[in-house]
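To start, the structure under review is shown below, and the notes come after it.
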Amino acid sequence: TRPIVIAIDGPAASGKGTLARRLAAAFNLPYLDTGLLYRAVARRVLDRGGDPADPAASEEQARSLSRLDLERGDLRTPEVDRAASAVASIKPVRAALLDFQRRFADASGAVLDGRDIGTIVFPEADVKLFVTASLDVRAKRRHLERLAHGIDPGFDSVRAELAARDEADRTRAAAPLVQAKDALLLDTSHMDANHAFTAAADLVNKVL
Ligand code: C5P
């Protein structure tokens with residue numbers, strides 16, 4: 001089969017990561033969670049005592065990002081959630097990360113998930129999916145994840161943090177979260193992971 005690019009976008013805790021991983025395994029494609037790029041930039045800025053909302057500090061860290069930064073174990077904390085959303089609104093940060101994302105798919109195609117993959121990073125992707133779910137469903141999932149890690153911030157706090165981050169991602173000027181016109185919408189509010197995978201895999205099989 002020829003190398004194909006599968007672009008998956010959607011808000012936080014929509015189920016896009018789970019879907020992306022399963023598609024990558026099923027179609028033997030490399031997988032890139034692009035949220036990790038923004039998280040790693042944010043982590044580097046915080047480590048240096050900088051302000052993630054400061055364009056110069058964040059651009060500098062985006063330019064010196066390495067693959068190893070993506071493997072750190074401390075990229076999924078609530079502090080990094082907020083800082084990642086802040087660095088992601090800075091245009092030069094996004095520009096610095098664009099090449100990395102495009103080159104990732106060069107050799108053998110890829111599955112990438114994020115906020116702007118089908119709109120900006122790979123507007124010519126072979127398959128585009130927009131995965132979403134209601135705020136309550138997403139908050140419940142994220143709350144359960146935190147509980148599994150032994151942390152209980154409370155459902156209301158998790159829900160409020162998600163709502164704030166989505167609002168920031170949807171309304172920013174640089175590459176806002178929006179469904180590409182040619183993306184298939186998968187609302188996973190009342191859909192289990194198997195159902196979402198089957199619907200997505202059907203679409204991929206059509207373009208192979
Ligand atoms: O997907 P995840 O929650 O890990 O992403 C963290 C943050 O990175 C998002 O809130 C968003 O602001 C940013 N992001 C982005 N574009 C992407 C992926 C993530 O702006 N393609």
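We count residues from 1, following the sequence as given. Order of appearance sets the numbers: ligands from 1, and atoms from 1 within every ligand.
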What atoms in ligand 1 come closer than 4.0 Å to a heavy atom of [X]?
X: Asp169; answer: 9 (C), 10 (O), 11 (C), 12 (O)
X: Lys16; answer: 1 (O)
X: Ala88; answer: 12 (O), 13 (C), 20 (O)
X: Ser85; answer: 12 (O)

Salt bridge present between [X] and [Y] (N-O < 4.0 angstrom):
X: Arg82; Y: Glu161; value: yes
X: Arg142; Y: Glu145; value: yes
X: Arg138; Y: Asp166; value: yes

_Same cluster or not: Ile4 versus Val121, using hydrophobic residues (I, L, V, M, F, W, Y) connected whenever any side-chain heavy atoms lie under 4.5 Å apart?_
no

*Do Val87 and Val80 sit in the same hydrophobic cluster, where Ile, Leu, Val, Met, Phe, Trp and Tyr count as joined when their side-chain heavy atoms come under 4.5 Å apart?*
no

Nearest protein heavy-atom contact for [atom]: which residue, which atom, what distance?
atom: atom 18 (C) of ligand 1; value: Thr34 OG1, 3.4 Å
atom: atom 4 (O) of ligand 1; value: Arg39 NE, 2.6 Å
atom: atom 16 (N) of ligand 1; value: Arg94 NH2, 3.0 Å
atom: atom 14 (N) of ligand 1; value: Tyr38 CD1, 3.6 Å

*asked:* Among Arg170, Arg172, Arg76, Arg165, which one puts a heavy atom closest to atom 6 (C) of ligand 1?
replied: Arg165

*Kindly identify the option in Gln101, Arg115, Arg82 whose heavy atom sits closest to atom 2 (P) of ligand 1.*
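Nearest heavy atom to atom 2 (P) of ligand 1 lies in Arg115.
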
*Cut-off 3.5 Å, side chains only: do Arg44 and Ser58 have a donor facing an acceptor?*
no

*If only atom types and distance count, is the side chain of Ser14 paired as donor or acceptor with the main-chain N or O of Gly10 below 3.5 Å?*
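The answer is no, because no donor-acceptor pair under 3.5 Å joins these two groups.
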
